[in-house]
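What follows is a short report on a single structure.
Just so it is clear: chains get the letters A, B, ... in the order the sequence lines come, proteins before strands, and each one is counted from 1.
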Number of protein chains: 2
Amino acid sequence: MLAVMSRDTLTADQIIRAAIELLDSEGLDGLNMRSLGKRLGSAATAIYWHIKTKDDLVRLAGDAVWNEVELPDLDSTNWRTAATAMATSMHAMLARHPWLGQAFGSHLLYGPGKARLDDHSLAIYEKAGFAAADADQAAGTVFVFVLGSALGPASQVSLTRRLGKNGADAERLLAETMSRAAEVAMEFPRLRERLDTAAAADYAMAPDGSFEFGLRAILDGLEARLAG
Amino acid sequence: MLAVMSRDTLTADQIIRAAIELLDSEGLDGLNMRSLGKRLGSAATAIYWHIKTKDDLVRLAGDAVWNEVELPDLDSTNWRTAATAMATSMHAMLARHPWLGQAFGSHLLYGPGKARLDDHSLAIYEKAGFAAADADQAAGTVFVFVLGSALGPASQVSLTRRLGKNGADAERLLAETMSRAAEVAMEFPRLRERLDTAAAADYAMAPDGSFEFGLRAILDGLEARLAG
DNA sequence: CAGCATAGTTGAACAAAGTTCAATCGCGCC
DNA sequence: GGCGCGATTGAACTTTGTTCAACTATGCTG
């Protein structure tokens with residue numbers, strides 16, 4: 001039945017796990033087959049026996065990490081607590097795997113992992129009292145917000161890597177980029193005002209606590225619709 | 001003063017405009033220096049006289065398209081109408097340039113175009129009555145939602161191009177991908193239910209009207225916070 | 001136990017794409 | 001007419017995804 005291999009042989013799971021590690025540390029464009037092969041202790045081309053293309057690998061890795069999102073129990077909590085917990089867990093997952101946001105913009109990730117998520121989040125909004133079609137859209141709204149929130153950090157990882165590649169000090173160049181952004185912002189009254197108070201460079205990214213703020217606002221809006 | 005060139009010579013503006021056209025039709029990974037050169041009627045390497053790197057070009061193109069977003073007049077409308085108009089205009093812009101969502105996840109776009117947008121959107125939420133810090137977060141929430149909404153379509157463009165590259169019929173392969181997604185969804189009760197009613201393949205993307213739905217919910221939530 | 005089929009690996013090699021560089025071109029100016 | 005410099009060119013180098021033919025080792029079958 002199960003063929004037991006004595007030889008040290010690769011498996012798709014092993015490859016996917018290693019790919020996720022590389023993606024986490026190097027970003028979406030830091031993943032390449034040769035260094036992945038090295039990490040696996042085999043030739044880069046051995047991977048192709050198990051996985052069709054790099055795009056496929058990204059899709060598989062992308063779908064795998066959705067499984068890290070915790071699905072709140074719906075029986076013991078009200079919908080809003082559940083919705084908050086799930087969005088927060090997804091947010092945390094995206095912080096661990098910033099490349100997923102990017103991948104979502106280019107690889108059309110849809111597999112069992114994402115389906116598991118979608119199903120549960122629909123359950124939450126149906127429990128809240130939304131009709132099927134509205135539950136769809138409510139879930140989509142939260143999903144899109146959480147995903148969008150991950151793009152800024154993803155950008156930073158990607159950029160740091162790209163800048164650091166050509167020998168130069170990555171941190172310094174990133175800081176430079178940020179300060180150029182600040183310079184641009186200086187020309188606008190409201191942005192300038194912010195630069196005085198807050199850390200200038202952080203402006204391009206989302207300010208602290210903005211995820212919680214946004215999530216609360218969205219759920220408030222959804223809740224209001226239920227009441228109305 | 002102004003050096004007038006008789007010879008047909010490239011300008012950065014020309015290059016950026018051509019790059020935007022290519023990006024629109026081919027997606028972020030469809031842009032390459034050689035075909036851009038061809039479109040400009042010059043060697044690919046001539047571009048490097050005017051622009052440092054391809055990454056820079058993407059940043060410049062990305063910042064340029066922000067300028068297509070219309071800034072509503074704040075004196076003649078209430079904040080909510082203005083916020084809706086601006087978000088809708090940005091949504092439309094992203095539909096014209098789906099690659100911008102992707103670029104935002106990898107190139108840390110911040111320039112005059114984006115600053116112009118940020119400034120105006122802060123003005124809207126300050127007018128609404130938010131204190132400076134809250135206006136920041138309110139603006140960020142809407143921004144992230146609109147940006148996130150663009151990732152699905154971007155993904156589709158990117159994928160279509162990638163799939164169509166190797167000779168195969170892009171549409172057919174995309175349909176196949178979608179139906180495989182539908183197959184996965186079949187294993188989950190709530191998703192299956194939707195596949196019965198709606199067009200199955202569209203599920204992975206945002207359903208129709210979900211942008212308007214989400215935007216309304218977010219603004220409802222923000223408005224409630226002002227009242228409370 | 002010999003030999004064979006087959007799963008799995010390897011390194012060479014190709015193609016696409018970003019970028020560098022030395023050579024050159026052509027325009028305006030002395 | 002020749003010089004300088006802004007701008008262009010094509011060749012070439014590098015990185016990276018992928019293919020392919022050769023090879024290896026493992027389990028199976030006679």
Side-chain angles (χ1 to χ4, degrees), chain A residues 1-16 18-19 22-23 26-61 99 103 106-107 158-159 161-168, chain B residues 1-16 18-19 22-23 26-61 99 103 106-107 158-159 161-168:
Chain A
M1 277 286 144
L2 275 179
V4 177
M5 298 280 146
S6 319
R7 182 156 54 145
D8 245 18
T9 203
L10 287 174
T11 67
D13 266 15
Q14 243 176 80
I15 295 171
I16 292 169
L22 256 179
L23 284 163
E26 306 290 337
L28 186 55
D29 19 64
L31 176 66
N32 72 73
M33 304 307 264
R34 286 180 237 261
S35 45
L36 181 57
K38 204 162 284 173
R39 169 173 293 240
L40 289 163
S42 55
T45 52
I47 295 164
Y48 286 91
W49 184 259
H50 305 275
I51 274 153
K52 235 182 303 182
T53 64
K54 185 190 175 186
D55 275 6
D56 254 29
L57 178 55
V58 171
R59 266 187 286 275
L60 290 166
W99 48 273
S106 57
H107 285 78
S158 225
L159 195 70
R161 194 195 108 81
R162 219 100 55 90
L163 291 175
K165 221 182 166 182
N166 296 347
Chain B
M1 276 286 145
L2 274 179
V4 176
M5 298 279 146
S6 318
R7 184 157 51 145
D8 245 18
T9 204
L10 287 174
T11 66
D13 266 14
Q14 243 176 80
I15 295 171
I16 292 169
L22 256 179
L23 284 164
E26 306 289 337
L28 186 55
D29 19 64
L31 176 66
N32 74 73
M33 304 307 264
R34 285 178 238 263
S35 46
L36 182 56
K38 203 162 285 173
R39 169 173 294 239
L40 289 164
S42 54
T45 52
I47 296 164
Y48 286 90
W49 185 259
H50 305 275
I51 274 152
K52 232 181 307 183
T53 64
K54 185 190 174 184
D55 275 6
D56 254 28
L57 178 55
V58 171
R59 266 187 287 275
L60 290 166
W99 48 274
S106 57
H107 284 78
S158 224
L159 196 70
R161 194 195 109 82
R162 220 99 55 91
L163 290 176
K165 220 181 166 182
N166 296 347

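What separates CH2 of B:W49 from C1' of C:dT19 is a distance of 15 Å, to the nearest Å. In this structure, the CZ atom of A:R162 is 15 Å from the C1' atom of D:dT16, given to the nearest Å. Atom OH of B:Y48 is separated from atom C1' of D:dA12 by 14 Å (rounded to the nearest Å). Spacing between atom CD1 of A:I47 and atom P of C:dT10 amounts to 10 Å, rounded to whole angstrom units. If you measure from atom NZ of A:K54 to atom P of D:dT16, you get 9 Å, rounded to the nearest angstrom. For B:L57 and C:dG18, the CG to P distance is 10 Å, given to the nearest whole Å. Rounded to whole Å, atom C1' of C:dG11 lies 11 Å from atom CZ of A:R34. What separates CG of B:D8 from P of C:dC27 is a distance of 10 Å, to the nearest Å.
One cannot find a donor-acceptor pair under 3.5 Å joining the base of C:dG18 and the side-chain atoms of B:T53. One cannot find a donor-acceptor pair under 3.5 Å joining the base of C:dG8 and the side-chain atoms of A:T9.
At a threshold of 4.0 angstrom between heavy atoms, the contacts of B:L31 are confined to the sugar-phosphate backbone, with no base atom among them. Residue B:A43 is classed as a sugar-phosphate contact, given heavy-atom separations below 4.0 Å to backbone atoms only. Within the nucleic acid shown, B:S42 comes within 4.0 Å of sugar-phosphate atoms alone, with no base atom in reach, counting heavy atoms only.
The CG atom of B:D56 lies 9.5 Å from the CD1 atom of B:I16; values are rounded to the nearest 0.5 Å. Atom CG of A:L40 is separated from atom CG of A:D8 by 11.5 Å, given to the nearest 0.5 angstrom.
Residues A:L36 and A:L57 form a side-chain contact, since some pair of their non-hydrogen atoms from C-beta on lies under 4.5 Å apart. Put simply, the side chain of A:Q14 does not reach to within 4.5 Å of the side chain of A:H50, judged on heavy atoms.
Minimum atom distance to the side chain of A:R161 is reached by D:dT16, of the listed D:dT16, D:dT18, D:dA11. Considering only side-chain atoms of A:L10, the nucleotide from D:dT16, C:dT9, C:dG11 that sits closest is C:dT9.
The phosphate of C:dA7 has neither OP1 nor OP2 within less than 4.0 Å of any side-chain N or O from A:H50.
Under the 3.5 Å distance criterion, with hydrogens and angles disregarded, no donor-acceptor pair is assigned to the side chains of B:S106 and A:D29.
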